[in-house]
Amino acid sequence: MSEETKSLNFIEHIIEEDLENGLAKDKLRFRFPPEPNGYLHIGHTKAIGISFGLGEKYNAPVNLRFDDTNPIKEEQEYVDAIKRDIVWLGYRWENELYSSDYFQKLYDWAVKMIKDGKAYVDSQSSEAMAEQKGTPTQVGTNSPFRNRSVEENLDLFQRMKAGEFEAGTHVLRAKIDMEDPNMLMRDPIMYRILHAHHHRTGDEWCIYPMYDWTHGESDYLEQISHSLCSLEFKPHRKLYNWFRDHVYEYSKDKYPLPPKQREFARLNLSYTIMSKRKLLKLVEEGVVSGWDDPRMPTISGLRRRGYTPNSIRQFIEKVGVAKRENIIDVSLLEFCIREDLNKSANRVMAVLDPVKVVITNYPEDKEEWLEAENNPEDESAGFRKVPFSREIYIERDDFKEEAGNKFFRLKLGGEVRLKNAFIIKAENVVKDSNGEIKEIHCTYDTDTSKKVKGTLHWVSTKHAIKAEIREYDRLFSDEAPDGHADKDFMGFINPNSLTIKTGYLEPSLVDVNVGEQFQFQRLGYFNVDNDSKPGALVFNKTVGLRDSWAKQKANPKTNSQPKPQQKRSAISVIQQLGKKYTNLPEEKQLKVKAEIQELANDVSYEELEPLFGTALKKAGTRIAVLIALKRLLKNGLERNDAIDDFINKAKDDKNELLVAEALDI
RNA sequence: UAACCUGUGGUGUAAUGGUAACACUCAAGAUUUUGAUUCUUGUAUUAUAGGUUCGAAUCCUAUCAGGUUAUCCA
């Protein structure tokens, strides 16, 4: 058994370090804390994968906590959808919890903070407070209410809770430092008045705690060891710690573990948007059919599109975890779903853009049922029968009257194999009045042992069943639709992101179930859509097969993107070789030396001279320069003062290799 | 012109002071009853410049570039 020692990401390194420093392994605890104000999308999957993945790795509990402190935006519908999606992804939470469960505890702590002079009621307008807040480059100023007495603060806060005041008239603020360079520390708001109905607490509360005052304290109450969130919360960490340290003082006997927040870079996918607000706009404006439209990057959209939980988990694993901003190429997601479906999806034949083929030497009334393998990647998948007859459909793309020999498909006079069936030869075509090909007349040959270049999929016309086929393209035409300050993301919407076709399928597909997945051979992976009914089948194209032929067609000449595969200049290679020179074993040094000498033939004196000033410490580089210089001299370069200086300096160096080279001149 | 964070092939992630590795993409080739799959091969001044060290992607300094932070949102 080879133990796979996978490299750790930076969060795992932190955890390992904490463990080494005495944190008991059974104290490890994580959480996933969505706000129930929208559907989960592929970006959330990263956060889910990190926290739940850590739970699996360390056998530690992971809580699902709904961060529901803003009753105006949150709804039960979203809670249900989020739970459904996490379950579908295959993760299990230890406890289903709500920040709103902690409202009373939070309130009690807030009262303590007031009593300790750490919080005060501010009765200014939000504009006035914003004014006093300052800017990132300018310190803020204190509120006139900052020094209210404890008694007054207590009284006001209790009356806020009792519902005596209108929204916006008072807030509770932490008393920290209006001059802190971190703006979040400038007396942040802990509570605001909101006369709104909460989806869980109803009308019990009319003051609601803010994120910063809720999140860390919820972590603390749940004794979360590592609170993981995305990078934009980094500035909140200082405040997270400030609040935490205070409540820790109040409750350390009961809750001994102070959690720590760490931040990772969120996931960005090329050609997609991740903001819930913007996704909501697509739904509301009818650009897509709903949150689960197969073009949406939501979990429910991906599910409907045919992505499997396994493929998404694989994707998240491959994406990794780090702290730098990233844009992951959608091709990685596509790779993951293809890899998964390649092993699991049964192959079938379907023609989406049909042209009729008549096999003239096949009897009119004959039909035979040929054996076809369901999945060559999975021996247990077995075989099925497909009907063959005199008239079949093939793809219009698969025939050309005339074509070069790079075209492996059917052409007049050419032979091609029909998958699972015979070899046919195109004899002539029948066209309509517009010159459009109506029928291709072929002859067939039952000798299937011969070698032909192409193999086509096909469907017997009289046995074919029709189905609606929905093909999707990316929703946006820009790689980073919301990455332009000057242009709105709605301007990049691809008007052709959905195409609907009628497909002709082999009859084995009559009674498929919603969600079932297939590979339509040579076309891609398809699944049965929710809208599908017996007799009125609907398929979604999940993803196409890799198609190197299409790529070749798209750019017939050379490579499409002539990558500036610029050859590095000889001088830069010499510099690089020199950098390592002194560390190399002797035999390698000889090899490198020869290489430098060779490269030096392409180097001009003008390129070399600036390197004479190389720092004394960089003996390797200077050796390389010296070797190159010698070659230049040998090639006829005249010596000058600069050269002599450089050589003399080398002779006096403490590096023996350099001295040896210098003396050898 | 603030504070904080981040710079490793086209993309993403490793290497925790000791030969820059893995995956995807792309390209070329082999195999193939899917132009798929599978298999081979190829692609890097570790942002730049100094410094510390026998040895630096890694530590220090400066510079450059990008990002984040000013909702009674989370």
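Sequence lines set the chain letters: A, B, ... in the order given, protein chains first and strands last, and positions in each chain run from 1.
For A/K234, the listed nucleotide lying nearest its side chain is B/rC5; candidates were B/rU33, B/rC5, B/rA36. Among B/rC24, B/rU33, B/rU13, the nucleotide with an atom closest to any side-chain atom of A/L332 is B/rC24. Nearest nucleotide to the side chain of A/N326, out of B/rU13, B/rU69, B/rA14: B/rU13. Nearest nucleotide to the side chain of A/V171, out of B/rG35, B/rC72, B/rA74: B/rC72. Residue A/R522 has its side chain nearest to B/rU34 when only B/rU33, B/rU34, B/rA74 are considered. The side chain of A/A322 lies closest to B/rU13 when the candidates are B/rG35, B/rU37, B/rU13.
Residues A/D340 and A/Y307 bring no donor and acceptor atom of their side chains to less than 3.5 Å of each other.
Among the protein residues, A/P34 comes within range of no part of the nucleic acid, since none of its heavy atoms lies under 4.0 Å from any strand. Using a 4.0 Å heavy-atom criterion, one finds that A/R338 contacts no nucleic acid atom at all.
Between the base of B/rA36 and the side chain of A/H457 there is no donor-acceptor pair shorter than 3.5 Å.
Atom CD1 of A/I11 is separated from atom P of B/rA14 by 10 Å (rounded to the nearest Å). Atom pair A/R192:CZ and B/rC73:C1' shows a separation of 7 Å (rounding to whole Å applied).
The aromatic rings of A/Y208 and A/F103 stand perpendicular to each other, their planes meeting at an angle above 60°, with 30° marking the opposite boundary.
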